[in-house]
**Q** 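To start, I am sharing the structure in question, which I have written as C-alpha cells.
For clarity, every value in this text was computed on a predicted model and none was experimentally measured.
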Amino acid sequence: MGFTDLLRTIHERHEKLKHTIHNKWRYPLPKSGQYAMALFYFCIPIVGGHYVMEWAKSKSVDEIGARGEKLKEKKVQGFGNKTVIDGKVEAVGAGGGGG
C-alpha cells in the first residue's frame, strides 16, 4: 500500500463520515432548539466583536499610553468642531469653513 493509496482511503472514509453526519442523523429541531441556535448564532459576532475591541484598546494603550503620554506631539490644536488654523480658532465640519 503506497502513500497515494493511504491518502485515497483516508479521503473515502472522510467522505463517508461526512455523508453519515449530514444525512443519517439529521432531524428538525423543536422550536426551543431553533430559538437556542438562533441566539447562539446571534451572540457569536457580538461576543467576538467585544473581544476584538478589548484587544484593540490594549494595543492602543501599549502604543500611545493610557492618556497619550507616549505620543511625540502632545499639544492638541482644537476640540469638538473648533480648530486652530493659521493662529485663528475656526469652526470646521458642516457648520464651519470645512463643510
**Q** Just jot down the side chain to side chain donor-acceptor pair (under 3.5 Å) partners of K18, sequence neighbours excluded, or say none.
**A**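 Listed in chain order: E15.
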**Q** CG of L6 to NE2 of H11: how many Å apart, nearest 0.5 Å?
**A**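 Result: 13.5 Å between the selected atoms.
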**Q** Tell me which donor-acceptor pairs under 3.5 Å the side chains of residues 36-63 have, and how far apart each pair is, sequence neighbours excluded?
**A**
unit_1 : atom_1 : unit_2 : atom_2 : d
E54    : OE2    : K57    : NZ     : 3.3
S58    : OG     : W55    : O      : 2.7

**Q** First locate atom CD1 of I10, then atom CD of E12, and finally report the distance between them rounded to the nearest 0.5 Å.
**A**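 CD of E12 is found 11.0 Å from CD1 of I10.
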